[in-house]
Amino acid sequence: MVRVRQQKDDGSACSKAWPSPNQLPGKQLRNGHKQDNSGETSGGVPTQIGQKPKSSTLRRQRRKRAARSASERTSSSEVCAPSVDSVQKSIKKNGCCDVSAKCAELVADLKAGGEAKQSAVVRLRGSMQTLAFDGEGCRVLQLALQVTDWRLIAELLPELHGRVLDAVCSPHANFVIQKIIELMPTAQAAFIVEEISGMAEEVACHRFGCRILCRLQEHCASATRSIPLLDEALSKADVLCKHAFGHYVIQSVLEHGTMRQREQVMEALCSDPLAFASNRNGCFVIEAAMSYCSAADQELFIERLIRRGSDKLATLAQGQFGYIVIRSMLRLPGSAALKLHNHLNDVSERLEGTKFGRRVMEDLGLGRGGNGDQELEA
């Protein structure tokens with residue numbers, strides 16, 4: 001043990017013990033014994049002679065000795081009799097092999113077509129849930145949905161009734177639900193909407209559930225049963241716009257929704273434009289709004305943002321998320337974008353001091369080296 005003299009904060013001297021090379025954890029000693037972290041060799045001899053170990057150290061040493069003794073007593077029996085866990089793992093492994101072989105056979109028959117494909121579809125009966133929640137089985141069902149007549153698949157879908165919420169949360173079954181929405185007639189996919197009604201916000205905020213609402217928006221937005229569910233989600237647009245997964249649903253609404261649905265989203269954005277523009281998720285919603293909303297709504301949002309003042313506008317433009325918003329707005333035609341251009345030109349000196357502020361000027365000709373010295377007429 002090497003002791004090093006150090007100086008305390010109050011100026012007094014103190015000594016600190018540093019471990020010698022032979023006392024490092026797991027160090028192999030010259031006599032062949034291995035030293036553990038407790039400061040005792042495997043032979044039970046203390047490494048520090050004359051120093052009384054702490055009670056916690058003694059307890060730890062006793063537990064280790066007891067564990068070694070128990071291990072020695074049971075070693076022979078463990079070799080002869082496998083544990084229950086190992087048997088269960090073996091059964092589970094064999095089961096997985098059976099499922100993999102079955103899935104491979106189904107895929108081959110589905111791709112072969114003709115009677116082989118019809119036979120594969122028949123064998124799916126009674127196994128829809130098992131396959132949907134399995135990593136390989138979900139791919140089998142997706143392939144079956146793609147290559148089989150929907151009338152035959154429609155006879156199998158009742159097996160998934162009552163399990164939609166579970167499927168939404170599954171990393172495998174959610175893909176089956178998405179494929180049903182994409183490929184099956186709206187009437188056949190209606191059970192999905194019915195089972196997640198009343199849970200729109202929770203589903204939209206789920207890492208897999210947001211995909212389900214996006215597919216419904218893309219393929220079933222005009223369906224009578226889908227409209228109330230999507231309206232339910234839009235009632236929480238202010239929350240979803242800032243959510244890590246919910247903002248994907250709002251972006252899908254802006255791209256595929258009706259004009260009224262886009263107006264609902266814009267109303268939420270205009271309630272606090274600066275907060276949404278500076279949010280890591282809200283900025284992408286605004287970028288989509290600048291592409292799909294009406295010109296009147298876009299100008300309204302820009303006007304609301306300009307009213308916050310040049311200082312806050314400059315602060316927004318200097319941030320990573322604000323830069324995305326500013327860039328999307330300055331690309332728009334119309335007087336509102338020109339006003340925004342002039343306001344940013346007034347604070348160009350502040351923009352030069354930050355990374356994203358310089359990007360605004362470089363990309364759009366503001367400030368030094370650009371056309372910033374000349375204001376545009378709105």
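Along the sequence shown, the residues carry numbers beginning at 1.
Linking Ile, Leu, Val, Met, Phe, Trp and Tyr whenever their side-chain heavy atoms come within less than 4.5 Å leaves F208 and I196 in two separate clusters. Connection of V147 to L131 is established within a shared hydrophobic cluster, with ILVMFWY side chains joined at heavy-atom distances below 4.5 Å, either directly or through further cluster members. By the rule that hydrophobic residues join a cluster once side-chain heavy atoms approach within less than 4.5 Å of another member, L229 and L234 end up as members of separate clusters. By the rule that hydrophobic residues join a cluster once side-chain heavy atoms approach within less than 4.5 Å of another member, L330 and F284 end up as members of separate clusters. One hydrophobic cluster holds both L160 and L216 under the rule that ILVMFWY side chains link at heavy-atom gaps under 4.5 Å.
By the 4.0 Å N-to-carboxylate-O rule, D311 lies close enough to R350 to be salt-bridged with it. Between K102 and E105, none of the side-chain N atoms (NZ, or NE/NH1/NH2) sits under 4.0 Å from a carboxylate O, so this pair counts as no salt bridge. Ion pairing of R211 with E182 is absent here, as no side-chain N (NZ or NE/NH1/NH2) approaches a carboxylate O to less than 4.0 Å. Taking 4.0 Å as the cut-off between side-chain N and carboxylate O, K339 and E303 count as a salt-bridged pair.
Although no hydrogens or angles enter the test, the distance criterion places no donor-acceptor pair under 3.5 Å between the side chain of E299 and the main chain of A296. For N174 (side chain) and P171 (main-chain N/O), a donor-acceptor pair under 3.5 Å exists by modelled atom type. Proximity of a side-chain donor or acceptor of Q217 to a complementary backbone N or O of S252 within less than 3.5 Å is not detected. In this structure, the side chain of S127 does not engage the main chain of T130 through any donor-acceptor pair within 3.5 Å. Formation of a donor-acceptor pair under 3.5 Å by the R125 side chain with backbone atoms of V121 is not found in this model. The backbone N or O of A244 sits less than 3.5 Å from a side-chain atom of H247, completing a donor-acceptor pair. At distances below 3.5 Å, not a single donor-acceptor pair connects side-chain atoms of E255 with backbone N or O atoms of A288. Remark: the backbone N or O of G319 is not paired with any side-chain donor or acceptor of K355 at under 3.5 angstrom. Between the side chain of R262 and the backbone N or O of C293, no donor-acceptor pair lies under 3.5 Å. No donor-acceptor pair under 3.5 Å is formed between the side chain of E287 and the backbone N or O of V325.
The shortest side-chain heavy-atom distance between Y248 and Q251 falls under the 4.5 Å cut-off.
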Query raised in the report: Run the salt bridge (charged side-chain N to carboxylate O under 4.0 Å, His left out) check on E136 and R139 step by step: do they pass?
Result: CA-CA 5 Å; E136 297 184 25; R139 296 184 176 91; over 6 Å; no
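Taken from CD1 in I181 to CD1 in I212, the straight-line distance is 5.0 Å, to the nearest 0.5 Å. From L183, atom CG reaches atom CD1 of I153 across 10.0 Å, with rounding to the nearest 0.5 Å. Between atom OG of residue S291 and atom CZ of residue R331 there is a gap of 9.5 Å, rounded to the nearest 0.5 Å. Separating the CD atom in Q178 from the CZ atom in F175 is a distance of 6.0 Å, to the nearest 0.5 Å.
With no hydrogens or angles considered, a side-chain donor-acceptor pair links S119 and R123 at under 3.5 Å.
Aromatic rings from F191 and H161 are positioned such that their centres are separated by under 6.0 Å.
For residues 197-209, the set of pairs meeting the salt bridge (Lys or Arg N to Asp or Glu O under 4.0 Å) definition, not counting sequence neighbours, is empty.
Shown here for D109 and A116, the closest heavy-atom pair between the two residues is CB-O, 3.4 Å. Of all heavy-atom pairs between V193 and S226, the closest is CG2-OG, 3.7 Å. Q188 approaches L157 most closely through the heavy-atom pair O-CD1, 4.0 Å. For N279 against N281, the heavy-atom pair with the smallest separation is OD1-N, 2.8 Å. The shortest heavy-atom contact between M290 and S328 is CG-OG, 3.7 Å. The nearest pair of heavy atoms linking A200 to A233 is CB-N, 3.8 Å.
The 12-atom threshold is exceeded at CZ of F321, counting heavy atoms of other residues, nucleotides or ligands nearer than 6.0 Å. Enclosure of atom NZ in K242 by more than 12 non-hydrogen atoms of other residues, nucleotides or ligands within 6.0 angstrom is indicated.
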